[in-house]
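Proteins come first, then strands; the chains are lettered A, B, ... in the order of their sequence lines, and each starts at number 1.
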Protein chains: 2
Amino acid sequence: MKIIEVDEELYQYIASQTKSIGESASDILRRLLNLPVSGVNLTAVDLTQSTMNSTNEEKGTQLPAEKNVVAETPKPSSEQEIKTPARKQSTQSIQHIVTKVKNLLQSEAFQEESKMVVRFLNILSVLYRTNPESFAQATEQETSQGRTRTYYARDEATLLAAGNHTKPRQIPDTPYWVITNTNSGRKMLMLERTMQFMELPEELIDEVRPYFAVV
Amino acid sequence: MKIIEVDEELYQYIASQTKSIGESASDILRRLLNLPVSGVNLTAVDLTQSTMNSTNEEKGTQLPAEKNVVAETPKPSSEQEIKTPARKQSTQSIQHIVTKVKNLLQSEAFQEESKMVVRFLNILSVLYRTNPESFAQATEQETSQGRTRTYYARDEATLLAAGNHTKPRQIPDTPYWVITNTNSGRKMLMLERTMQFMELPEELIDEVRPYFAVV
DNA sequence: GAAGGGATCGCCGGGATTTTTC
DNA sequence: CCGAAAAATCCCGGCGATCCCT
């Protein structure tokens with residue numbers, strides 16, 4: 001075992017990501033970093049998993065995980081001061097989405113998929129399911145509108161009414177619909193704007209981008 | 001600063017992700033986890049480029065930058081890869097099917113046969129009978145579905161329900177049914193996909209192909 | 001739904017390309 | 001009038017099932 005030093009806030013963050021009682025720091029980090037579970041260390045069951053099409057996935061919410069179990073180090077009395085700037089999402093909830101999206105990108109099904117629409121819908125599905133409220137808000141921004149078209153809605157009719165041939169599709173496992181008759185560039189643009197509104201890191205957006213690039 | 005313990009391999013991985021000389025563990029982890037940079041800690045010079053780990057495209061040129069200074073080890077094969085070795089058939093069982101299929105192809109009856117459907121059904125029959133589980137799984141893939149039709153099922157009704165004139169037929173000596181109202185090209189395609197899923201060698205598939213070729 | 005087989009042709013979905021709008 | 005951004009036409013490839021031939 002190796003020892004590394006991390007700052008207080010980061011330590012708290014890692015501890016907060018504990019999913020199973022007794023998980024070690026390595027277990028948590030491996031999960032967060034999408035690394036394979038190391039050989040001999042199968043202590044905890046992996047609760048994460050991407051969903052390419054399965055519906056039996058936790059819908060949005062997150063078990064309030066046990067906090068601080070990492071290592072043996074006792075927690076100092078000086079409490080954490082993770083600030084929650086108004087109307088900002090918690091770093092934690094964002095990280096959760098990031099992980100889910102990465103899992104999706106990694107999944108065999110996603111990689112093999114040849115149709116942009118399917119990829120598009122799958123990503124939106126993960127975004128919605130990991131944070132419905134944030135997604136809903138993103139949907140209402142004017143960046144989710146075109147000149148005449150409406151990009152997202154809770155029903156097909158709304159989309160059909162706002163354009164001539166938008167080819168709306170329901171986002172899988174979601175009450176939302178999206179328009180679909182767009183080129184790949186616009187699909188990516190729509191994803192980008194939505195993800196930006198949801199405060200996901202640019203870096204993640206950049207990981208998505210290649211999948212919609214015109215080759 | 002807090003201390004946490006991580007296993008050797010994970011430590012090496014983290015170290016290998018160093019992008020700037022002198023980066024601390026916290027810096028690296030924050031970057032990998034997409035967390036905001038903490039406070040006022042912009043100590044290190046940014047060398048980036050030559051990311052060597054990002055799977056994303058690299059635009060622009062590539063400085064032959066110095067790599068990792070922290071820790072000596074190159075990064076482990078932890079590249080995000082995640083295949084699905086889940087269902088791996090034994091080489092042996094595959095070989096068994098190969099033999100059986102070859103026998104069929106060789107048989108007088110098969111060679112003489114003038115109807116594609118019969119050939120089609122016979123091959124499927126052998127596939128099923130030599131490895132029912134694998135065949136069953138193949139059957140459930142979405143490659144066993146058309147836009148509206150369902151290609152295989154355990155009963156006639158399912159197939160009838162999913163198309164207009166599919167002409168289902170029971171696969172001889174088998175609990176399975178297939179649709180039959182397709183041209184030869186599609187019959188071959190169905191065989192090909194099924195055989196591929198069953199991990200039969202391309203070579204064998206190529207031996208089958210001529211029997212469904214449009215002459 | 002009853003003759004059966006399967007090639008041919010028409011439809012549909014995907015999305016790059018073109019057209020329209022501002 | 002030009003350029004950018006958005007809309008939607010339309011081509012291509014894949015699939016379904018009609019319908020011709022045996």
Original post:
Parallel, tilted or perpendicular: which describes the rings of B:Tyr176 and B:Tyr128, with under 30° parallel and over 60° perpendicular?
Top reply: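 If you compare the ring of B:Tyr176 with that of B:Tyr128, the planes turn out tilted.
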Original post:
According to the interplanar angle, ranging from 0 to 90°, do the rings of A:Tyr152 and A:Phe135 count as parallel (below 30°), tilted (30 to 60°) or perpendicular (above 60°)?
Top reply: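 The arrangement is perpendicular - the two ring planes meet at more than 60°.
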Would you indicate which nucleotide in [options] comes nearest to any side-chain atom of [X]?
| X | options | answer |
| --- | --- | --- |
| A:Lys167 | C:dG1, D:dC10, D:dA7 | D:dC10 |
| A:Arg147 | C:dG15, C:dT17, C:dT21 | C:dT21 |
| A:Asn183 | C:dA16, D:dA6, C:dG15 | C:dA16 |

Original post:
Contact class for B:Tyr151 (heavy atom, under 4.0 Å): base, sugar-phosphate, or nothing?
Top reply: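 The residue B:Tyr151 makes sugar-phosphate contact but no base contact.
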**OP:** Could you tell me whether B:Arg119 contacts a base, only the sugar-phosphate backbone, or nothing, with contacts defined as non-hydrogen atoms closer than 4.0 Å?
**Re:**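 No contact.
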Original post:
Using the P atom in both, what is the distance from D:dT18 to C:dG1, to the nearest Å?
Top reply: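 Comparing P positions in D:dT18 and C:dG1 gives a spacing of 12 Å.
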Original post:
Which value, in whole Å, describes the distance between the P atoms of nucleotides C:dA16 and D:dC2?
Top reply: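 C:dA16 and D:dC2 have their P atoms separated by 29 Å.
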When you check the phosphate oxygens OP1 and OP2 of [N], does a side-chain N or O of [X] lie under 4.0 Å from one of them?
| X | N | answer |
| --- | --- | --- |
| A:Arg149 | D:dA8 | yes |
| B:Ser184 | C:dA7 | yes |
| B:Thr148 | D:dG16 | yes |
| B:Arg186 | D:dC15 | yes |

Report the distance from atom [atom1] of [X] to atom [atom2] of [N], rounded to the nearest whole Å.
| X | N | atom1 | atom2 | answer |
| --- | --- | --- | --- | --- |
| B:His165 | C:dG6 | NE2 | P | 18 Å |
| B:Asn181 | C:dA2 | CG | C1' | 14 Å |
| A:Leu189 | D:dA4 | CG | P | 15 Å |
| B:Leu121 | C:dG5 | CG | C1' | 12 Å |
| A:Gln145 | C:dT21 | CD | C1' | 16 Å |
| B:Lys187 | D:dG14 | NZ | P | 19 Å |
| B:Glu142 | D:dC15 | CD | P | 11 Å |
| A:Arg169 | C:dC12 | CZ | P | 15 Å |

**OP:** Start with the C-alpha gap between A:Ser125 and A:Arg129, add the side-chain angles, then the distance that decides, and say whether side chain to side chain donor-acceptor pair (under 3.5 Å) holds.
**Re:** CA-CA 6 Å; A:Ser125 181; A:Arg129 288 181 293 120; 3.0 Å; yes
Original post:
Is there a salt bridge (Lys or Arg N to Asp or Glu O under 4.0 Å) between B:Asp27 and B:Arg30 once you walk through the steps?
Top reply: CA-CA 5 Å; B:Asp27 295 338; B:Arg30 280 173 178 278; over 6 Å; no
Original post:
Could a donor-acceptor pair under 3.5 angstrom be found where the side chain of B:Asn164 meets the base of D:dT18?
Top reply: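 Side chain to base: no pair present.
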Subject >> From A:Thr182 atom OG1 to A:Met188 atom CE, the distance as rounded to the nearest 0.5 Å >> reply: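 Spacing of OG1 (A:Thr182) from CE (A:Met188) equals 12.0 Å.
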